[in-house]
**Student:** 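Attaching a single structure in structure tokens format; questions to follow.
Values reported hereafter were calculated over all heavy atoms of this structure, with side chains retained and with hydrogens, waters and symmetry mates removed. Naming convention: chains lettered A, B, ... in sequence-line order (proteins, then strands); numbering from 1 in each chain.
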Amino acid sequence: MPELPEVETVKRGLSAAMEGAHIKKLELRRGDLRFPFPEDFEGQVSGRTIIGLGRRAKYLLIDLDSGKTIISHLGMSGSFRIEAGSASGTPGDFHYERSKDERHDHAIFHLEGKDGPRRVIYNDPRRFGFMDIADRSELQNNPFLFALGPEPTGNELSAAYLAERFAGKAQPLKGALLDQKTIAGLGNIYVSEALWRAHLMPTRAAGTLVTKTGRPKEPLNLLVASIRDVIADAIKAGGSSLRDHIQTDGSLGYFQHAFSVYDREGHPCRTPGCGGTVSRIVQAGRSTFYCPVCQK
DNA sequence: CCTTGAACCTGGGCGC
DNA sequence: TGCGCCCAGGTTCAAG
């Protein structure tokens with residue numbers, strides 16, 4: 001679910017409910033997700049005020065007035081939702097019996113905002129997500145954030161930068177682009193989509209896009225533009241569905257209907273005049289979708 | 001260092 | 001209806 005555009009959409013969806021709100025209490029329903037929650041996590045968060053939300057790659061950042069920042073990763077199945085009011089239903093309430101989904105509510109922020117009490121609930125069936133907390137001034141040294149490469153939408157990502165990273169690499173482009181140390185925020189969907197836009201085969205060795213002298217070959221310029229565009233388009237699509245549905249669930253919004261190759265095995269390629277059929281292969285244990293006709 | 005594969009977890013979909 | 005199998009948006013660790 002959550003690659004960079006989805007986390008950005010979640011951040012925007014949570015902003016109104018969380019920014020400026022007082023955290024009456026953080027309630028943890030279990031001791032761990034993928035990793036144990038930090039030492040005295042509830043104590044460090046309860047009683048604080050949220051001064052802002054941020055994002056780095058696929059990490060949601062929640063800034064507290066204590067100078068600490070909560071670092072939240074949604075894994076494969078994590079989501080946030082907002083509920084009005086201060087407590088769950090009462091016995092006799094139609095909604096009281098905990099639904100199947102609520103069994104996976106692991107962390108609940110009990111908030112007091114300008115418009116009254118509400119809860120922001122983190123749900124994660126597979127528990128591949130995790131949370132950490134660190135001093136804001138030390139964020140760049142956090143073990144989860146430390147080694148991350150540049151954001152795909154910023155100026156730091158350039159053909160020259162990728163040429164440097166790709167030089168001499170036999171690794172397929174698919175794997176090279178999934179590496180968060182090279183570009184932070186791309187996942188399985190958007191790597192397939194970006195390579196399709198750039199007409200590049202996912203199996204092609206990353207090093208073939210670099211000249212002997214370490215300069216970017218022409219397709220690398222197109223790849224950088226494709227990465228930027230696909231991420232920007234997805235954020236825009238998330239944003240538009242956000243306005244309609246106040247989407248905080250990390251779902252793909254309307255963009256999923258715009259996938260060109262992802263999950264479209266056997267369907268016609270959408271490159272004008274191509275006529276190819278989308279194929280699926282497995283690379284490093286994960287599905288890759290591409291058009292064998294127009295991707296080289 | 002490079003690259004792959006298994007592991008972590010639960011749920012949904014499909015074939016039988 | 002149930003069972004077994006495969007698949008799923010991510011990351012880390014061990015092993016080749």
**Student:** With respect to the side chain of A:Arg280, which nucleotide from C:dG10, C:dA8, B:dG11 is positioned closest?
**Tutor:**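 Of the options given, the side chain of A:Arg280 lies nearest C:dA8.
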**Student:** Please determine if a side-chain N or O atom of A:Gln180 lies less than 4.0 Å away from the OP1 or OP2 oxygen of C:dT11.
**Tutor:**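 Answer is yes, contact under 4.0 Å.
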**Student:** Any donor-acceptor pair, under 3.5 Å, between the side chain of A:Arg127 and the base of B:dT10, if you only look at N and O atoms?
**Tutor:**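 Between B:dT10 and A:Arg127, which were checked side chain against base, a qualifying N/O pair under 3.5 Å is absent.
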**Student:** Where the side chain of A:His104 is concerned, which of C:dC7, C:dG10, B:dG11 is the nearest nucleotide?
**Tutor:**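 Looking only at side-chain atoms, A:His104 lies closest to B:dG11.
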**Student:** Toward the 5' end of DNA chain C, which comes first, A:Arg126 or A:Phe130, by nearest nucleotide?
**Tutor:**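 First, find each residue's nearest nucleotide; the 5'-ward one identifies A:Arg126.
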**Student:** Tell me which nucleotide among B:dG11, B:dT3, B:dC8 gets nearest to the side chain of A:Arg34.
**Tutor:**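 Of the options given, the side chain of A:Arg34 lies nearest B:dC8.
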**Student:** Any strand is fair game: report the nucleotide pairing with B:dC9 by Watson-Crick or G-U wobble, both distances under 3.5 Å, or none.
**Tutor:**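 Partner of B:dC9: none.
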**Student:** Around atom CD of A:Glu39, are there more than 12 heavy atoms of other residues, nucleotides or ligands at under 6.0 Å?
**Tutor:**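 At most 12 heavy atoms, drawn from other residues, nucleotides or ligands, come within 6.0 Å of this atom.
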**Student:** Determine whether the side chains of A:Arg270 and A:Ser260 contain a donor N or O and an acceptor N or O closer than 3.5 Å.
**Tutor:**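 Note: A:Arg270 and A:Ser260 side chains miss the donor-acceptor criterion.
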**Student:** Flag as yes if A:Phe128 stacks onto the base of B:dC8 (centroids under 5.5 Å, planes under 30°), otherwise no.
**Tutor:**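 A stacking contact exists, since A:Phe128 sits close and nearly parallel to the base ring of B:dC8.
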**Student:** Of all the nucleotides listed (B:dT3, C:dT11, B:dT10), which has the minimum atom distance to the side chain of A:Lys58?
**Tutor:**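 Minimum distance to the A:Lys58 side chain belongs to C:dT11.
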**Student:** For A:Lys174 and A:Thr288, does a side-chain donor sit closer than 3.5 Å to a side-chain acceptor?
**Tutor:**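 Distance-only check passes for A:Lys174 and A:Thr288.
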**Student:** For A:Arg286 and C:dG10, is the shortest distance between a side-chain N/O and OP1 or OP2 below 4.0 Å?
**Tutor:**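 Yes, because at least one side-chain N or O of A:Arg286 sits under 4.0 Å from OP1 or OP2 of C:dG10.
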**Student:** Taking NZ, NE, NH1 and NH2 as the nitrogens, is one of them in A:Lys68 or A:Asp132 under 4.0 Å from a carboxylate oxygen of the other?
**Tutor:**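 Result for this pair is no, no salt bridge flagged.
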**Student:** Between B:dC9 and C:dA14, how far apart are the two P atoms, rounded to whole Å?
**Tutor:**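 Between the two P atoms, the distance is 16 Å.
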